[in-house]
Structure formats: structure tokens, C-alpha cells
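Chain identifiers are assigned alphabetically (A, B, ...) following the order of the sequence lines, protein sequences preceding nucleic acid strands; residue numbering begins at 1 within each chain.
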There are 2 protein chains.
Amino acid sequence: MTTAAPAPSSRDLPHPACGEIRLEGVLHALSDPVRLRIVRELAAEGVALSCSHFDLPVTKSTTTHHFRVLRESGVIRQVYEGTAKMNGLRRDDLEELFPGLLDCLLAAAAHQAVRHGEG
Amino acid sequence: MTTAAPAPSSRDLPHPACGEIRLEGVLHALSDPVRLRIVRELAAEGVALSCSHFDLPVTKSTTTHHFRVLRESGVIRQVYEGTAKMNGLRRDDLEELFPGLLDCLLAAAAHQAVRHGEG
DNA sequence: CCCGTACTACGATGGCTATCGTACGAGCCG
DNA sequence: CGGCTCGTACGATAGCCATCGTAGTACGGG
């Protein structure tokens, strides 16, 4: 079977190990409106999404930059799938490192969104 | 009695109203190690502390800067008291705006501190 | 094989920011 | 008053960072 060897594509991306994820880095990543929006959308959909799925108010170069910041801070995991790059929240890792934090942050963001229109 | 007029000192500092506090700003404020440390210490003590109470690895100028960032982001409240400037967490305001967030962040910071020595 | 789509890499740029040093203002104490 | 402590203001600096445009790579389909 050797089903344990995925290697669907030769391109793979560097992710921080759980022990390397820093709270300050996570907070910094989420302190940008564009990135916070990305994370909120990922959480809402619940599944990995391609970069092109998002309709962001910045160019594609900048979008790439934001996704990289999220990946390098440990917030998301990125995997190539054909030409698409799928982005998924590292929910389990974050939950283990900072229990309850992600949900709390998402709730806070939702709370704020309701207050400032954009329900 | 007109006990409602404090005015203990002519100097008072501008604070954001609750409606002006933005989650992104709070996260950005807490994404700096020095500032996160300040907030953790304020939370641990539970009372307002003077700037000079903290033993930070930066000069006094920089300390002033960090306290201002915390105040302008809505995380702390600063009040002069004689020559000292007392700093207190805006726990109630933050709790109303982002329920549970502050405690969650503090727990995450504590969790990380345990993991990376400094228990 | 050619093309289109998805994303990246690189370089430039302007703005923010963490840091410092020095000089100063505000209150307290002797 | 004179000096002390606390904290600020201002200017400088260096580094980071969000943004863009252009050019390029990787993959899949006709």
C-alpha cells in the first residue's frame, strides 16, 4: 500500500513546528485587517481554500505576502494541489498551544464586525 | 458634595472611547514582547502600577513609547498621580467589547511562558 | 506543443515603528 | 529656593512591512 507517502507535488513549503510558534507572531499576523479577514473566512468555511478563492482589496503579490505571513507565523498550513495552493487553519496545533485562543479571537472579530456594520 | 469632580492634576491624557477600540489595534499592541510583558505584569498585580515599577530591557524613552501605544490602542488607562503615572488595565471595557479575550490572551501568554522556560 | 490559470520571486517604495540620547517640564521634599 | 525623581518631547536612525508592478515558474487542458 505505502499509502503513507503523499508527495502529490514536488513543491512543499516550510512551516514552523508547533514549538516554534510564538504568541507574539500569531498576534502580529492577526493584527492586519486583510489577514484577519482571511482567517475569519477560513474559519467560517471550515475547509482549506485556495488563494484565488478570496476577493481581497489588494493585488495578487500582496495576497501572496499575506498568506506567507500567516503560514510563517503558524496560523495556517499551505499545501500545493495542482496549480492551486490550498490554505487551511492550523486549528489543532493552535488549540494545543493556546487553548481557546483562536475561538476567542474569532468571536471577538465577529463581535466587532457586528458593532461596526458589516454584520 | 460635588464629589464627582476629581481633577487631581491638570494633566490628563487622551484615551480612545470604547467604540473606538479596534481588535486589530489591540492585537498589534500585544504583539510586541515588551508590551505583552507589561500587560502580563499589570494583570498579575491586579492594580494600577507606575511606569517606574517595571524593569524593562529598554530605555525610559522607549518605555514611554510602549505605554502610549498601549493606551492609544485601548488596552490600558493612564492617570497622573503626583509625579507618577499610574497604569491600569481596561479590563471592564475590554471584557464588554471582546468577552473573554483578555483572559484568553493572558492564559496563552502564561502557557507559552511555561513552555519556554521562565516558568 | 501552446496557452491559460495560479501563484511566486524580485526590486522598489513609502510609511510605520522600536530604539536611543538629550533636553525639558511637573510635582514633591528638605 | 534647590534639587530630586518621574516622565515627556523632540530629533535621529535603522529596520521592518504593506503595497505595487513586472517578469517568471508550475501545472493542466485542448
Side-chain angles (χ1 to χ4, degrees), chain A residues 6-15 22 24-39 41-42 48-88, chain B residues 6-15 22 24-39 41-42 48-88:
Chain A
S9 169
S10 55
R11 302 181 280 176
D12 51 17
L13 302 151
H15 290 77
R22 298 283 300 172
E24 294 90 330
V26 171
L27 297 184
H28 173 245
L30 297 181
S31 71
D32 182 280
V34 175
R35 293 194 290 260
L36 183 57
R37 177 168 157 180
I38 291 172
V39 169
E41 204 159 332
L42 280 175
L49 298 172
S50 71
C51 296
S52 58
H53 171 275
F54 296 84
D55 186 28
L56 302 171
V58 292
T59 66
K60 274 207 292 185
S61 307
T62 307
T63 299
T64 296
H65 163 70
H66 283 310
F67 275 105
R68 184 178 13 176
V69 172
L70 285 171
R71 168 170 51 84
E72 291 179 344
S73 69
V75 177
I76 68 171
R77 191 177 301 280
Q78 295 190 293
V79 178
Y80 277 105
E81 210 156 289
T83 71
K85 193 184 198 173
M86 305 306 288
N87 305 277
Chain B
S9 169
S10 55
R11 303 180 279 175
D12 49 19
L13 301 151
H15 289 77
R22 299 282 302 169
E24 295 89 331
V26 171
L27 297 184
H28 173 246
L30 298 181
S31 71
D32 182 281
V34 175
R35 292 194 291 260
L36 183 57
R37 174 168 159 181
I38 291 172
V39 169
E41 203 159 332
L42 280 175
L49 298 172
S50 71
C51 296
S52 57
H53 172 274
F54 297 83
D55 186 28
L56 301 171
V58 292
T59 65
K60 274 206 294 184
S61 307
T62 307
T63 299
T64 297
H65 162 70
H66 283 309
F67 275 106
R68 183 176 14 175
V69 172
L70 286 171
R71 169 169 51 84
E72 291 178 345
S73 69
V75 176
I76 68 171
R77 191 178 301 279
Q78 296 190 293
V79 178
Y80 277 106
E81 211 156 289
T83 71
K85 193 185 199 172
M86 304 307 289
N87 306 275

Of the candidate nucleotides D/dG7, C/dC7, D/dG21, which contains the atom at the shortest distance from the side chain of A/Cys51?
C/dC7
Go through the N and O atoms of the side chain of B/Thr83 and the base of D/dG7, and report whether any donor-acceptor pair is under 3.5 Å.
no
B/Leu70 CG to C/dT17 P, straight-line distance once rounded to whole Å:
13 Å
Are B/Thr62 and B/Thr59 close enough, and set up right, to give a side chain to side chain donor-acceptor pair (under 3.5 Å), and what steps lead you there?
CA-CA 5 Å; B/Thr62 307; B/Thr59 65; 3.3 Å; yes
What about A/Ser61, does its side chain sit under 3.5 Å from the base of D/dT22 through a donor-acceptor pair?
yes
Determine: side-chain N/O of A/His28 to OP1/OP2 of D/dA18, distance under 4.0 Å, yes or no.
yes
On DNA chain D, check which nucleotide each of B/Thr64 and A/Thr62 is closest to and give me the residue with the more 5' one.
B/Thr64
Whole angstrom is fine here: how far is it from OH in B/Tyr80 over to P in C/dC28?
13 Å
Would you indicate what A/Thr63 reaches in the nucleic acid, counting non-hydrogen atoms under 4.0 angstrom: base, sugar-phosphate, or nothing?
nothing
Hey, does the side chain of B/Ser52 come within less than 4.0 Å of D/dG7's phosphate (OP1/OP2), counting only N and O?
yes
Quick one: is B/His66 getting a side-chain N or O under 4.0 Å of the C/dT19 phosphate, OP1 or OP2?
yes
Using whole Å, what does the distance between atom P of nucleotide D/dC6 and atom CG of B/Asn87 come to?
14 Å
Can you measure A/Asp32 atom CG to D/dC16 atom C1' for me and round it to whole angstrom units?
14 Å
Reckon B/Arg68 has a side-chain N or O less than 4.0 Å from the OP1 or OP2 of D/dG7?
no
Separation between CG (B/Leu27) and CG (A/Asp32), nearest 0.5 Å, reads 11.0 Å
Protein-nucleotide distance (B/Arg71, atom CZ; D/dG7, atom C1'), rounded to Å:
12 Å
Report the residue (A/Ala84 or B/Val34) whose heavy-atom-nearest nucleotide on DNA chain C is the more 5′ of the two.
A/Ala84
Could you check how far CD of B/Glu72 sits from P of C/dA18, rounded to whole Å?
12 Å
Once you round it to whole Å, what is the distance between C1' of D/dT5 and CZ of B/Phe54?
18 Å
Given C/dC20, D/dT19, C/dA6, the nucleotide with the shortest approach to the side chain of A/Lys60
C/dA6
Give the rounded distance in Å between these two atoms: NE2 of B/His65 and C1' of C/dG21.
16 Å
Rounded to the nearest 0.5 Å, what separation is found between the CG atom of B/Leu56 and the CZ atom of B/Arg35?
12.0 Å
Of B/Glu81, B/Arg77, B/His53, B/Gln78, which meets side-chain contact (heavy atoms from CB on, under 4.5 Å) against B/Met86?
B/Glu81
Spatial distance of atom CD (A/Glu24) from atom NE2 (A/His28) [nearest 0.5 Å]:
12.0 Å
